[in-house]
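FYI, side chains are in, hydrogens and waters are out, and symmetry mates aren't considered; it's all heavy atoms of this structure. So that the names make sense, note that chain A is the first sequence line, chain B the second, and so on, each numbered from 1. This is a predicted model, so every value here is computed, not measured.
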Amino acid sequence: MRSRPALLAALGLALGVAGVVSYFPVVIHFGAWLPRVRNGAVPNWLVVVLGLALAVVALVRARRRLVPGLLVGLTAVVAGSFAAMLYVATALPVRAGPTVGTPAPDFALVDQSGTTVRLADFRGAPLLLVFYRGHW
Amino acid sequence: MAGVVVDPPATNADLAHQAGLAYPILSDPELRAIDAYGLRHEHAGPEGADVARSASVLIDADGVVRWTFVTTNVRVRPTPDEVIAAVDAVCAAPGRCSAPSGRL
């Protein structure tokens, strides 16, 4: 009976870790099909928060609080690391890019078949120009 | 639609073949267009190489920039819904989406 809060807290930690770890294969393999998951990680956050809540409940219910307390702390570290990765480590300085309402800068670049393509080639139709980081 | 990337045409040809991409992927190894659009991301590539900031730019039929999405986080891209909404907004204005070609 005494170990139940610790088990519950361990389950909370496991959920927290699972919520974080599962984000990466989702982004790598399914990011193009699940853009909202990639951008916001909402399902992952739900799992992480559930894990943290379970761990906290276990701590509140425990008579001996050392182990559940440690597990709550570890789960909080996992959640904090996830937040730091999502919102701090991957953040970029703001860049304005081209100004809306101004003429798009011209270019002459070679496509994958060796043909030189210019912005003017697209004149008369709208163009979505997508800039990639590359190095695939 | 067209992509712009620092990679050479051969790499882009491989990518287009593997991913089944039908649109042109334009090679910009000297970052000329990337700089012209203000999208250089310094030291973000392998071995500190400069690359393009992930971004999307919607240009109307007259060559005017009508919508941009410049990411402020490495993992964040515009969703398809956001892009479609931007295209719809541009095409709602007379003359900005005039040609019936399938280039977008």
Side-chain angles (χ1 to χ4, degrees), chain A residues 23-24 26-28 31-41 44 82 85-136, chain B residues 1-7 9 11-13 15-16 24-28 32-34 36-39 41 44-46 49 51-68 70-80 83 87 90-91 96-99 101 103-104:
Chain A
Y23 178 74
F24 299 97
V26 167
V27 169
I28 292 170
W33 292 273
L34 300 169
R36 295 185 190 282
V37 175
R38 177 196 60 206
N39 288 352
N44 304 84
F82 193 40
M85 189 276 292
L86 290 183
Y87 307 117
V88 180
T90 54
L92 300 171
V94 174
R95 291 281 187 278
T99 303
V100 172
T102 62
D106 199 4
F107 56 78
L109 301 171
V110 177
D111 71 8
Q112 65 266 41
S113 63
T115 303
T116 297
V117 177
R118 294 176 170 80
L119 176 63
D121 296 337
F122 297 92
R123 186 61 67 97
L127 169 67
L128 181 65
L129 203 54
V130 180
F131 290 83
Y132 300 111
R133 292 168 54 82
H135 291 282
W136 289 299
Chain B
M1 178 175 174
V4 179
V5 66
V6 295
D7 292 336
T11 300
N12 297 334
L15 174 75
I25 303 175
L26 309 177
S27 181
D28 189 14
R32 289 178 181 167
I34 292 165
Y37 282 77
L39 295 170
H41 190 180
V51 296
R53 173 80 63 104
S54 294
S56 297
V57 179
L58 182 59
I59 300 165
D60 73 11
D62 292 325
V64 176
V65 175
R66 292 299 174 189
W67 174 82
T68 65
V70 182
T71 192
T72 55
N73 191 299
V74 168
R75 64 190 170 76
V76 176
R77 306 284 184 276
T79 66
V83 175
V87 172
V90 168
C91 291
R96 290 183 180 172
C97 191
S98 56
S101 79
R103 279 184 149 162
L104 186 64

| 4.5 Å side-chain heavy-atom contact, B/Ser56 and A/Val130 | yes

| field | Whether B/Arg32 side chain and A/Phe107 backbone form a donor-acceptor pair below 3.5 Å | value | no

| message | With a 4.5 Å cut-off on side-chain heavy atoms, are B/Val70 and A/Phe131 touching? | response | no

| message | Nearest 0.5 angstrom please: B/Thr11 OG1 to A/Gln112 CD, how far? | response | 11.5 Å

| note | Per-residue tally against chain A (heavy atom, under 4.5 Å) across B/Asn12, B/Val5, B/Val51 peaks at B/Val5

| remark: Greatest number of non-hydrogen atom pairs under 4.5 angstrom with chain B, of A/Pro98, A/Pro35, A/Ala108, falls to A/Pro98

| message | What part of B/Ile25 gets within 4.5 angstrom of chain A, counting heavy atoms only: side chain, backbone, both, or neither? | response | both

| message | Tell me the closest heavy-atom pair linking A/Tyr132 and B/Gly3, and the distance in Å. | response | CE1-CA, 3.6 Å

| query | Backbone N or O of A/Tyr87 within a donor-acceptor pair of the B/Asn73 side chain at under 3.5 Å? | reply | no

| Do you know which of B/Pro24, B/Ala33, B/Ala44 has the most heavy-atom pairs with chain A at a distance under 4.5 angstrom? | B/Pro24

| request: List in chain and number order the residues that pass salt bridge (Lys or Arg N to Asp or Glu O under 4.0 Å) with A/Arg118, two or more places apart in sequence or in another chain; answer none if no residue qualifies. | output: none

| query | Side chain, backbone, both or neither: which part of A/Thr115 has a heavy atom under 4.5 Å from chain B? | reply | neither

| Quick one: does B/Arg75's side chain have a donor or acceptor within less than 3.5 Å of a partner on A/Asn39's backbone? | yes

| query | Is it the backbone or the side chain of B/Val90 that comes under 4.5 Å from a heavy atom of chain A, or both, or neither? | reply | neither

| said: Taking every non-hydrogen pair under 4.5 Å, which of B/Asp28, B/Leu39, B/Asp62 racks up the most with chain A? | reply: B/Asp62

| message | Taking side chain as everything from C-beta outward and backbone as N, CA, C, O, which of these in B/Ala16 sits under 4.5 Å from a heavy atom of chain A? Side chain, backbone, both or neither. | response | side chain

| request: Go through B/Pro46, B/Pro80, B/Gly38 and name the one with the most non-hydrogen pairs under 4.5 angstrom from chain A. | output: B/Pro46

| Side-chain donor or acceptor of A/Arg133 paired with backbone N/O of B/His41 under 3.5 Å | no

| Quick one: what part of B/Asp60 sits under 4.5 Å from any heavy atom of chain A, side chain, backbone, both or neither? | backbone

| Heavy-atom closest pair, residues A/Leu128 and B/Trp67 | CD1-CZ3, 4.3 Å

| Engaged part of A/Val110 at the chain B interface, taking heavy atoms whose separation is under 4.5 Å | both

| field | Residue selection (most heavy-atom pairs with chain B, distance under 4.5 Å) from A/Pro93, A/Gly114, A/Ala96, A/Ser113 | value | A/Pro93

| message | Evaluate A/Leu129 against B/Ile59 for side chain to side chain contact (heavy atoms under 4.5 Å, CB included), listing each step before the verdict. | response | CA-CA 8 Å; A/Leu129 203 54; B/Ile59 300 165; 4.2 Å; yes

| Side chain proximity check, B/Val74 to A/Leu92, heavy atoms < 4.5 angstrom | yes

